[in-house]
Amino acid sequence: MFDGLKEKLSRFREDAEEAAEEAAAEEADARADADAEAEAATAPEADDAPPATESEASAGDAVPGSDTDAVETDDPTPAEPAAPPADRDAEAEVEEPSATTDHDAGVDADAAGDLEGAGEEEPAGGLGLSRDEAEDEEEFRASFGARAKAFATGGVVIRPEHLDEPLDDLELALLSSDVEMSVAQEILRTIREEVEGTTRAQVQSTGQVVEMALREALVDVISVGQFDFEQRIAAAEKPMVIIFTGVNGVGKTTSIAKLSRYLEERGISSVLANGDTYRAGANEQLREHAAALDRKLIAHEQGGDPAAVIYDAVEYAKANDIDVVLGDTAGRLHTSNDLMAQLEKIDRVVDPDMTLFVDEAVAGQDATQRARQFNEAAAIDGAVLTKADADSQGGAAISIAHVTGRPILFLGTGQGYADLERFDPERIVDRLLGAE
Ligand SMILES: Nc1nc2c(ncn2[C@@H]2O[C@H](COP(=O)(O)OP(=O)(O)OP(=O)(O)O)[C@@H](O)[C@H]2O)c(=O)[nH]1
């Protein structure tokens, strides 16, 4: 179910983890460099570091030693300065030749800096590495050390800007999966907010932090308006009247039949009412379901008054101690005024307890837009999203509740009567994130 979206979300998590780890490691490297520089600035000078003049330091002379005497005598052993020079600067320090016997300099992290000051083609120590290779090696070691330190202390801070690129990709992925624009933006906003300054704990991976933020964002948008359907039925005065709206062909009639069975399984009786008096064949279709489920069907002739059909069904339910009236209506009316007029009249005559909008998951953005339009024309209480078993992107499932402010209550998952499941936001998100 919703495989396309599932795959895209999984890709986002991987990309985000990689990007965040890289960015955090870069920051850790920068911190380590800054620490190293600060240490170098405060560390006492090596005893045997020879004084150097500006001109010698920049000349890149391969001859060890730093004063003109040393050059003249060609003595490879650095001359011990009589006194530390007063004007030592960084350049003088990096003159330390790699060929000296100063092991301290060789093992210190500062040695990387020392190497940089050596002659351009100077081989680095006894490793036989070129200067570039030595730099790479040193960079790797410094970065690895910084990462290890940061990770060991759990001090990896994930910032929203670390995720800029993966979040841009996620936005495109959501839009291409038919998630409505405002919903996609809300998801990104929540993720940014969730990871803002998150310090990843030692026990977590960055992927887990990103996954939790993504989970939170998805649950937030799809659980808008959720309520306990069974509890609502239990609390309602009997018979409870539920009216179904939505365009033809999306599975409205089948959903009514499925819901009748769902209720029966919970000990709740129902009667079916065909308020779609516009469409030829609507009676026959619902009659077949009623016969298959052994339910009473209340129907009038084609062209009759839908409100009158529902009214009769309510009377029948009262007389026969039936708990719920499930009323179909015609969806494809010419204008939203017609639709309003139809639902307003039903409202006036029977005052339904709940109006459910039905549409199909495969309709994607169209389903979301229709949910918005139907809700504007006549307020809905919730939605049933059919054909979730078909190859849909998942955008409508993510978007409808946020766009209308009304929850998706059920998913149609097949053509059989049993193929109706309660829409559980946590469970849907688990599925989308591959946890189920
Ligand atoms: N795969 C799948 N097919 C479904 C689902 N729900 C309905 N269908 C099929 O969709 C087709 C149309 O369903 P109907 O219930 O006739 O839809 P409808 O025409 O909207 O009903 P009306 O609005 O009364 O005309 C039928 O073949 C159903 O079996 C579902 O959840 N999954």
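Ligands are counted one by one from 1 in listed order, and the atoms in each one are counted from 1 as well. Just the heavy atoms: all of them, side chains too, but no hydrogens, waters or symmetry mates, feed the values below.
Of the polar atoms of Asp389, at least one N or O is found under 3.5 Å from an N or O of ligand 1, judged by distance alone.
Side chains of Thr413 and Asp389: a donor-acceptor N/O pair is absent below 3.5 angstrom, by distance only. Side-chain contact, Gln369 with Arg372: a donor N or O sits under 3.5 Å from an acceptor N or O. Neither side chain, Tyr278 nor Gln342, offers a donor N or O lying under 3.5 Å from an acceptor on the other.
In Thr413, the part holding a heavy atom less than 4.0 Å from any atom of ligand 1 is the backbone. In Glu360, neither the side chain nor the backbone holds a heavy atom less than 4.0 Å from any atom of ligand 1. In Val358, neither the side chain nor the backbone holds a heavy atom less than 4.0 Å from any atom of ligand 1.
Taking atom 18 (P) of ligand 1 as the reference point, the nearest protein heavy-atom neighbour is Gly249 N, 3.2 Å. Atom 17 (O) of ligand 1 has Gly251 N, 2.9 Å as its closest protein atom, hydrogens excluded (heavy atom only). Looking only at protein heavy atoms, the nearest one to atom 23 (O) of ligand 1 is Asn248 ND2, 3.2 Å. Protein heavy atom closest to atom 21 (O) of ligand 1, with residue, atom name and distance, is Thr253 OG1, 2.8 Å. Counting only heavy atoms of the protein, atom 15 (O) of ligand 1 lies nearest to Thr254 OG1, 2.4 Å. With hydrogens left out, the protein atom closest to atom 8 (N) of ligand 1 is Lys387 CE, 3.8 Å, a heavy atom. Gln415 NE2, 3.8 Å is the protein heavy atom nearest to atom 9 (C) of ligand 1.
A pairwise comparison of heavy atoms in Ser270 and Leu263 identifies CB-CD1, 4.4 Å as the closest pair. Between Leu5 and Leu432, the closest heavy-atom pair is CD2-CD2, 4.0 Å.
Separating the OG1 atom in Thr355 from the CD1 atom in Ile380 is a distance of 9.0 Å, to the nearest 0.5 Å. For the atom pair CG (Leu409) and CD (Gln226), the distance works out to 6.0 Å, reported to the nearest 0.5 Å. Remark: Leu174 CG to Lys8 NZ distance equals 8.5 Å, nearest 0.5 Å.
Listed by number with element, the atoms of ligand 1 under 4.0 Å from a non-hydrogen atom of Lys258 are 5 (C), 6 (N), 30 (C), 31 (O). Near Gln285, meaning under 4.0 Å from one of its heavy atoms, ligand 1 places the atoms 14 (P), 15 (O), 16 (O), 21 (O), 25 (O). Heavy-atom proximity to Asp328, at under 4.0 Å, picks out these atoms of ligand 1: 24 (O). Near Gly412, with a cut-off below 4.0 Å to any heavy atom, the atoms of ligand 1 are 31 (O).
Assignment of Arg279 to the shell around ligand 1 is supported, since a heavy atom sits closer than 4.0 Å. At least one heavy atom of Gly414 sits less than 4.0 Å from an atom of ligand 1.
Between Glu180 and His402, every side-chain heavy-atom pair lies at or beyond the 4.5 Å cut-off.
Figure legend: Arg422 and Phe410 shown as a cation-pi pair, the cationic atom lying under 6.0 angstrom from the six-membered ring centre and within 45 degrees of its axis.
The aromatic rings of Phe357 and Phe374 sit tilted relative to each other, their planes meeting at an angle between 30° and 60°.
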